[in-house]
Amino acid sequence: MLFRSRPPLQFDFEEAAALFLGRQLMESMAGTPLWVAANRAWRKIRGTLGGTASDYLDRFSRMFHCTEAGRRDYASKADLLESLTLAIEDFKAVHIIYRSERATEPATRDVYPLRMIRHHNGALYLVAFSPEHDNYRTYKVDRIEAAEVSPFVFQRHRDFDAEAFLERSLGIYDGDGDIAV
């Protein structure tokens, strides 16, 4: 194996502290494979720091507070998040079953997933292009009941700018005054 011949990664204290604080920002991903991997990596890093540095890092981390407001546990959505992530990476269409806040029954949608974002009150949202509506839409991950990745590869949306798309929103409301789906 190629990776066995490489030396282990080494971090100085500032790099380890930055990774630790970044891990705190991932709290909304608790229970997902990314969160599990972040904790596993953190345990490895912490093991190389030694007792004194680890104790200091515990005190140092208390200087920063990441609010728990709106914190979600996505452990039950881990498979769904993995499917969506792979679809985004491979530019594959996804067939979702989605129950909007206004609907009494779930609806099926074919979408082209572009980004996962942590948005209003720490909730995760899927930003996708909806061919049915011919525009970009947000779908709250909590309301996606199922996702099936299609073999259909869609054309990459090179002009999509997530920051510009979110710039016109206020919480869950978009720039047109409509509530996000």
Side-chain angles (χ1 to χ4, degrees), residues 18-42 64 66-103 106-181:
L19 289 172
F20 178 74
L21 293 175
R23 183 181 140 270
Q24 286 181 322
L25 295 174
M26 287 184 57
E27 288 289 332
S28 67
M29 300 291 288
T32 67
L34 287 174
W35 174 250
V36 171
N39 280 308
R40 193 172 52 241
W42 176 245
F64 299 88
C66 294
T67 181
E68 296 288 320
R71 182 175 178 219
R72 306 278 201 288
D73 182 354
Y74 286 99
S76 66
K77 299 272 187 182
D79 290 340
L80 179 115
L81 286 169
E82 184 174 357
S83 293
L84 293 174
T85 302
L86 291 172
I88 292 168
E89 184 177 27
D90 296 337
F91 306 105
K92 290 196 174 174
V94 177
H95 183 76
I96 63 172
I97 298 175
Y98 188 77
R99 183 185 304 268
S100 73
E101 188 174 52
R102 299 177 200 165
T108 58
R109 301 274 185 261
D110 289 319
V111 299
Y112 303 163
L114 302 171
R115 302 278 190 286
M116 296 293 296
I117 58 169
R118 184 174 163 209
H119 199 41
H120 185 69
N121 286 332
L124 289 176
Y125 288 79
L126 171 68
V127 176
F129 181 79
S130 170
E132 176 184 351
H133 299 98
D134 195 32
N135 64 11
Y136 299 106
R137 300 222 157 182
T138 55
Y139 300 90
K140 191 173 185 179
V141 169
D142 300 46
R143 295 190 192 128
I144 300 174
E145 295 180 1
E148 182 181 340
V149 179
S150 162
F152 174 74
V153 177
F154 63 87
Q155 184 68 28
R156 184 175 179 194
H157 289 233
R158 294 183 191 277
D159 61 335
F160 178 74
D161 182 347
E163 278 190 41
F165 177 75
L166 295 172
E167 211 170 64
R168 59 189 197 103
S169 68
L170 176 62
I172 58 172
Y173 296 93
D174 71 18
D176 299 324
D178 294 330
I179 196 165
V181 290

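Hydrogens, waters and symmetry mates are skipped; everything else that's a heavy atom, side chains included, is used.
Here the side chain of Asp90 pairs no donor or acceptor atom with the backbone of Lys92 at under 3.5 angstrom. A donor-acceptor contact shorter than 3.5 Å links the side chain of Tyr98 to the backbone of Lys140.
Within 6.0 Å of atom CG in Asp79, 12 or fewer heavy atoms from other residues, nucleotides or ligands are found, so the atom counts as exposed in its surroundings. By the neighbour-count criterion of 12 heavy atoms within 6.0 Å, atom CD of Glu148 is sparsely surrounded, having that number or fewer from other residues, nucleotides or ligands.
With rounding to the nearest 0.5 angstrom, the OG1 atom of Thr85 is 9.5 Å from the CG atom of Leu126. Atom OH in Tyr139 sits 6.0 Å away from atom CZ in Arg109 (nearest 0.5 Å). Considering CD1 of Ile144 and CD1 of Ile96, their distance stands at 4.5 Å, rounded to 0.5 Å. The CG atom of Leu124 lies 9.0 Å from the CD1 atom of Ile117; values are rounded to the nearest 0.5 Å.
Counting heavy atoms from C-beta on, the side chains of Tyr125 and Met116 never come closer than 4.5 Å.
Note: Tyr136 and Phe160 meet the aromatic proximity criterion, with ring centroids under 6.0 Å apart.
Residues Phe154 and Ala93 approach most closely at CD2-N, 3.7 Å, considering heavy atoms. Scanning both residues, Pro106 and Ile97, for their nearest heavy atoms gives CB-CG2, 3.7 Å.
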